[in-house]
Amino acid sequence: MNSYRDLEIYKLAFELAVRVHKATLELPKFEVFEQGNQIRRSSKSVKDQIAEGYGRRRYKAEYIKFLIYSHSSCDEALSQLKMLLVLYPELPEFSSLSKEYEILGRKINSYIEYVDNNWRT
C-alpha cells in the first residue's frame with residue numbers, strides 16, 4: 001500500500017462525503033446552512049482523519065487514534081443522517097447514505113482491529 005488513497009475505507013469515505021455534499025444541496029435553503037453544513041463537515045472528517053492517521057502510521061498508537069477519530073466522525077454523520085431522515089423523509093438519498101455509513105463504520109472498526117493486532121511499531 002503506497003497511500004491512504006489505496007485503503008478501501010478511504011475510498012468509501014471519500015465517495016460518501018461527495019454524495020452527502022450533493023444530497024444536502026437538495027435540502028430547504030435554511031437547512032443547507034444548518035444541518036446540511038454539520039453533516040458535510042462530519043462526513044468529510046471521516047476521510048480526512050483516515051488520511052491524517054495514515055501519515056502517522058509509523059506510530060501505531062497515533063494511527064489507531066486517528067482511525068478512532070474517523071470512526072467517531074462516521075458515527076456523527078450517521079446520527080445526523082438519522083435526523084435528516086426524520087425531518088425530510090421525502091429525500092430518499094439520506095436513507096441509502098445512512099445504510100452505507102453503517103457499513104463504513106463496521107469497516108473502519110474492522111480496520112482498527114487489524115492495525116491493533118498486526119501493525120508493528
Side-chain angles (χ1 to χ4, degrees):
M1 208 169 317
N2 297 323
S3 169
Y4 62 87
R5 292 181 302 268
D6 297 328
L7 293 170
E8 178 187 358
I9 57 172
Y10 178 82
K11 291 174 186 177
L12 183 55
F14 187 93
E15 175 197 332
L16 291 175
V18 170
R19 287 179 49 206
V20 162
H21 187 92
K22 289 178 180 179
T24 59
L25 298 179
E26 301 300 317
L27 290 168
K29 190 167 183 88
F30 72 92
E31 199 71 271
V32 168
F33 302 107
E34 292 291 325
Q35 189 73 27
N37 183 51
Q38 273 298 112
I39 192 167
R40 283 192 301 273
R41 289 174 51 214
S42 64
S43 69
K44 291 172 184 174
S45 177
V46 177
K47 67 174 186 58
D48 294 339
Q49 298 298 332
I50 293 168
E52 186 168 356
Y54 189 85
R56 300 168 189 244
R57 70 192 178 282
R58 184 174 200 176
Y59 308 101
K60 180 179 176 177
E62 283 287 302
Y63 193 21
I64 290 173
K65 178 173 78 170
F66 278 89
L67 291 170
I68 290 170
Y69 291 159
S70 176
H71 191 267
S72 298
S73 293
C74 185
D75 285 346
E76 181 184 354
L78 186 55
S79 174
Q80 293 165 2
L81 282 165
K82 299 289 186 187
M83 176 65 78
L84 287 169
L85 277 168
V86 170
L87 295 174
Y88 304 101
E90 70 277 9
L91 297 173
E93 181 68 7
F94 295 121
S95 178
S96 64
L97 283 166
S98 180
K99 291 173 187 163
E100 291 179 69
Y101 268 97
E102 288 176 1
I103 292 167
L104 176 58
R106 288 192 296 271
K107 288 181 182 232
I108 293 170
N109 194 50
S110 293
Y111 188 66
I112 291 169
E113 289 178 16
Y114 168 78
V115 170
D116 193 30
N117 294 325
N118 298 294
W119 219 258
R120 290 198 171 116
T121 53

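Values below: every heavy atom of this structure, side chains too, minus hydrogens, waters and symmetry copies. Residue numbers count from 1 along this sequence.
- A ring-ring contact (aromatic ring centres under 6.0 Å, His included) check over residues 60-92, counting only residues at least two apart or in different chains, returns the pairs Tyr63-Trp119, Phe66-Tyr69.
- Evaluation of the salt bridge (charged side-chain N to carboxylate O under 4.0 Å, His left out) rule for Glu31 yields no partner, not counting sequence neighbours.
- Residues passing the salt bridge (charged side-chain N to carboxylate O under 4.0 Å, His left out) test with Arg5: none are found, sequence neighbours excluded.
- Residues forming a salt bridge (charged side-chain N to carboxylate O under 4.0 Å, His left out) with Lys82 (at least two apart in sequence, or on another chain): Glu102.
- The distance from the CG atom of Asn117 to the CD1 atom of Ile112 is 12.0 Å, given to the nearest 0.5 Å.
- Here the closest non-hydrogen pair linking Phe94 and Leu81 is CD2-CD2, 3.5 Å.
- Scored by the side chain to side chain contact (heavy atoms under 4.5 Å, CB included) test, Ser79 finds no partners at all (sequence neighbours excluded).
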Distance-only check: which donor-acceptor pairs under 3.5 Å involve side-chain atoms of residues 10-26, not counting sequence neighbours?
from  : atom 1 : to     : atom 2 : distance (Å)
Arg19 : NE     : Glu93  : OE2    : 3.1
Arg19 : NH1    : Glu100 : OE1    : 2.9
Arg19 : NH1    : Glu100 : OE2    : 2.9
Arg19 : NH2    : Glu93  : OE2    : 3.0
Arg19 : NH2    : Ser96  : OG     : 3.4
Arg19 : NH2    : Glu100 : OE2    : 3.0
His21 : ND1    : Lys44  : NZ     : 3.1
Thr24 : OG1    : Val20  : O      : 3.3
Thr24 : OG1    : His21  : O      : 2.8
Thr24 : OG1    : Arg40  : NH1    : 2.9

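- Surrounding CZ of Arg57 are more than 12 heavy atoms belonging to other residues, nucleotides or ligands, all under 6.0 Å away.
- Gln80 and Glu76 share a side-chain donor-acceptor pair at under 3.5 Å.
- Remark: Gln35 pairs with no residue by the side-chain hydrogen bond (donor to acceptor under 3.5 Å, both in side chains) rule, at least two apart or across chains.
- From Leu67, atom CG reaches atom CD1 of Ile9 across 5.5 Å, with rounding to the nearest 0.5 Å.
- Listed by chain and residue number, Lys107 satisfy the salt bridge (charged side-chain N to carboxylate O under 4.0 Å, His left out) test with Glu8 (two or more places apart in sequence, or in another chain).
- Linking Ile, Leu, Val, Met, Phe, Trp and Tyr residues whenever their side-chain heavy atoms come within less than 4.5 Å leaves Val86 and Leu78 in two separate clusters.
- Ile103 and Leu7 fall into different hydrophobic clusters, where Ile, Leu, Val, Met, Phe, Trp and Tyr side chains are chained together by heavy-atom contacts under 4.5 Å.
- Rounding to the nearest 0.5 Å places OG of Ser70 at 13.5 Å from CD1 of Ile64.
- The side chain to side chain contact (heavy atoms under 4.5 Å, CB included) check on Asn118 picks up Tyr114, with sequence neighbours excluded.
- Shown here for Val32 and Leu27, the closest heavy-atom pair between the two residues is CG2-O, 3.5 Å.
- Using modelled atom types, one side-chain atom of Ser110 and one backbone atom of Arg106 make a donor-acceptor pair closer than 3.5 Å.
- Side-chain contact between Ile108 and Val46: present, with at least one pair of heavy atoms (C-beta onward) separated by less than 4.5 Å.
- Between atom NZ of residue Lys47 and atom OH of residue Tyr4 there is a gap of 8.0 Å, rounded to the nearest 0.5 Å.
- Residues satisfying the side chain to side chain contact (heavy atoms under 4.5 Å, CB included) criterion with Ser45, sequence neighbours excluded, are Gln49, Ser73.
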